[in-house]
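What follows is a single structure, written as C-alpha cells, with notes after it.
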There are 2 protein chains.
Amino acid sequence: MAQRMAGEDRRRQILDAAVRVFARQGFHTCRVADIADEAGVAYGLVYHYFGSKEEILDRIFLERWNVMLEVIREIDAGDAPARAKLEGVAGFIVESYRHDPDVMKVIIVEVTRAANSFGRTHLEKIGEAYDLIAQIVAHAQEDGEFKDTVTPKFAAMAFYGAIEQVLTGWIFDLLPSGDVEFDRAKGLIVETVCGGLDATPASAGTV
Amino acid sequence: MAQRMAGEDRRRQILDAAVRVFARQGFHTCRVADIADEAGVAYGLVYHYFGSKEEILDRIFLERWNVMLEVIREIDAGDAPARAKLEGVAGFIVESYRHDPDVMKVIIVEVTRAANSFGRTHLEKIGEAYDLIAQIVAHAQEDGEFKDTVTPKFAAMAFYGAIEQVLTGWIFDLLPSGDVEFDRAKGLIVETVCGGLDATPASAGTV
DNA sequence: ATAGGGATTGACTCGCGAGTCAACTCAGTG
DNA sequence: CACTGAGTTGACTCGCGAGTCAATCCCTAT
C-alpha cells in the first residue's frame, strides 16, 4: 500500500497521523493499529520508525514545546515592557492553537495536563516554561513595572494556568472559539492577569 | 482477614484506600488488587461494593466536587463584594487541599485535568463550577465592581485556571508548599486576578 | 441449635493491545 | 541480471489486569 519513501518523510507521515489520532481518540484509548491505519501504513512500520507508542507522543510534544521555549527566550531577551512580553507569550500560544489545534490539543490534554500518568516525564521540560515566564515577571518587578506582592513563580503559574484553562475551554467547547475569540483572547488574558478584573480609574470602566 | 463490618463503613474503607492508592500510583497505573491490599480486603470485595474501578474514582470525585459546588452556591448567594466571594472560593479550595491533599490530588490529576481520558465524563459537572464562578463575576460586572472588558465565562476560566495551576504546582513540587504558603495563596490568587500584576497607585508599590 | 443470606475470599477467565519477527518487496548497485 | 539491504507487511506472542464466580464464612433471626 505505502509507496517507498525517504526515511524522514515517512517519519513525518506517521507523526502527523498520530497527531490526528491522538487528538481524535486520545492517547490511551487509541491503538497503535489506528495510527498505522491513519497513516496508510502497515502496523509494523510504526515500530520501524519509533521505539514505542509513547515515543511518538514524546516527539510530538518535544518538537513543539522546544519551539515555544525558544520563542519565550527570545521575547524575554528583548527590552519591551513586561506586559508586551507576556502578550507575546500568550499570542504565540494562541496562534499555535489557531494554526494547528490538533497538535496543541494533544500537547495540553495528553502531556501538559497529564504529567502524572507518565510518571512525571516531561515535568522538567514543562517547568522550563514556567521558569522563563517567572523570569519575565521577576525582571518587571525589579523595574517596578509589576508589584512584588507575589513571587515570580507564583505569578507565572497563575498566568500560564489562565492560558491553559482558556485553551482547554476551547478544546472541550466550554468556551466559544473562533478567529474573533482567538484575537481577543490574546490581549484579554494579559489584561486580566496584569490589569486585574477590578474596575480601576486607569482602565475605561463600564459605568 | 477483614472483620465483618456494616456496609457503609466498608464502603468508606475501600474508598479511602483507593484515594491513597490513586494519589500514590495514579489511577491508570494502579491495579484493583492494590486498592484491595491497601484496604486490607479481598480482591473480590471491591467488586461487591463498586461496579468497576472507574466507579470508585467517580465516587471520590463527585463526593468532594458536590460539596464544593454547594459551598460556591452559598458564597454567591451572600451579598459580600465579589472580591470577597472569590476569596471564599479560592480559600475553600486551598483549605480542601490542606485538609486532604490526597483527595484533591486525585480529583485534579485524575479527573479535572484528565477530562479527556474518560471520554469527557464529568465534563458537565466540572463545567458547573465554571458557571457558578462566572455567575459571581457577572454580578460584579453589573454592580460595576468589575470592569466588563472580559466575558464572565472567560474570567471564570482564568480564575479557576490560576487556582488549579497553583494546586498543581504544589502537587508536583514545582511550587513551595506548606501552611504559610497556603494561607498566602488564598489572598494572592484573588489579588492577582482581581488587582492584577501591574503596579497601580491604589496598591502599595515596591519602589 | 440451625437455617438463611449477606459478607468475604481469591483463583480463574478472558479480551485487549503493545511489541516481535520472519517473510516479502523492490530500488539501487556492480 | 543476480545480489543486497533498507523498507514494508501483518499474523502472532505474551503479559497484564479488569471483572467473574463458586465456595466459604459468620452474623442474625427464629
Side-chain angles (χ1 to χ4, degrees), chain A residues 1-61 106 110-111 114 116-119 121, chain B residues 1-61 106 110-111 114 116-119 121:
Chain A
M1 181 104 319
Q3 300 301 312
R4 289 293 165 110
M5 198 183 273
E8 274 316 302
D9 289 350
R10 182 64 12 115
R11 214 184 173 68
R12 257 264 79 72
Q13 179 188 1
I14 295 173
L15 225 36
D16 290 345
V19 167
R20 269 172 272 136
V21 174
F22 289 163
R24 192 193 313 136
Q25 307 178 230
F27 178 78
H28 296 288
T29 317
C30 83
R31 289 158 297 170
V32 173
D34 296 331
I35 300 173
D37 287 351
E38 176 79 23
V41 139
Y43 187 95
L45 197 62
V46 173
Y47 284 91
H48 181 73
Y49 285 99
F50 300 94
S52 69
K53 186 186 176 188
E54 194 170 328
E55 187 187 316
I56 299 176
L57 181 58
D58 288 354
R59 299 282 182 197
I60 293 170
F61 167 70
V106 171
E110 307 294 347
V111 183
N116 68 311
S117 314
F118 288 115
T121 343
Chain B
M1 182 101 321
Q3 301 300 311
R4 286 294 165 113
M5 197 182 276
E8 274 315 301
D9 288 350
R10 185 58 20 107
R11 216 184 172 68
R12 257 264 77 74
Q13 179 187 3
I14 295 173
L15 226 34
D16 290 346
V19 167
R20 270 172 271 134
V21 174
F22 289 163
R24 192 194 313 135
Q25 305 177 230
F27 177 79
H28 296 286
T29 317
C30 83
R31 288 157 298 168
V32 172
D34 296 330
I35 300 172
D37 289 351
E38 176 80 23
V41 140
Y43 186 95
L45 197 62
V46 174
Y47 283 91
H48 181 72
Y49 286 97
F50 300 94
S52 69
K53 186 186 177 188
E54 196 171 327
E55 187 186 317
I56 300 176
L57 181 58
D58 287 354
R59 299 282 182 197
I60 293 170
F61 166 70
V106 170
E110 306 295 347
V111 184
N116 69 311
S117 314
F118 288 115
T121 342

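Sequence lines set the chain letters: A, B, ... in the order given, protein chains first and strands last, and positions in each chain run from 1.
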Within a strict 4.5 Å, meaning less than it, do heavy atoms of the [X] and [Y] side chains meet?
X	Y	result
A:Q13	A:D9	no
B:R59	B:I56	no
A:F27	A:V111	no
A:L57	A:K53	no

Provide, to the nearest angstrom, the distance between the [atom1] atom belonging to [X] and the [atom2] atom belonging to [N].
X	N	atom1	atom2	value
A:L45	D:dA6	CG	P	14 Å
A:R10	D:dA6	CZ	C1'	13 Å
B:F50	C:dT8	CZ	P	12 Å
B:D37	C:dG10	CG	C1'	11 Å

Table of protein N/O atoms under 3.5 Å from nucleotides 17-21 of chain D N/O atoms:
unit_1	atom_1	unit_2	atom_2	d
D:dA18	OP1	B:C30	O	3.4
D:dA18	OP1	B:K53	NZ	3.0
D:dA18	OP2	B:V32	N	2.8
D:dA18	N7	B:Y43	OH	3.4
D:dG19	OP2	B:Y47	OH	3.0
D:dG19	OP2	B:K53	N	3.1
D:dG19	N7	B:Y43	OH	2.6

Could you tabulate the donor-acceptor pairs under 3.5 Å formed by side-chain atoms of residues 30-38 of chain B, not counting sequence neighbours?
unit_1	atom_1	unit_2	atom_2	d
B:R31	NH2	B:D34	OD1	3.3
B:D34	OD2	B:Q25	NE2	3.3
B:D34	OD2	B:R31	N	2.9
B:E38	OE1	B:R24	NH2	2.7
B:E38	OE2	B:R20	NH1	2.5

Between A:H48 and D:dT8, is there a side-chain N or O to OP1/OP2 distance below 4.0 Å?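 No, because none of the side-chain N or O atoms of A:H48 sits under 4.0 Å from OP1 or OP2 of D:dT8.
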Going by the rule ring-ring contact (aromatic ring centres under 6.0 Å, His included), which residues pair with B:F61 if we only count those two or more places apart in sequence or in a different chain? B:W65, B:H122
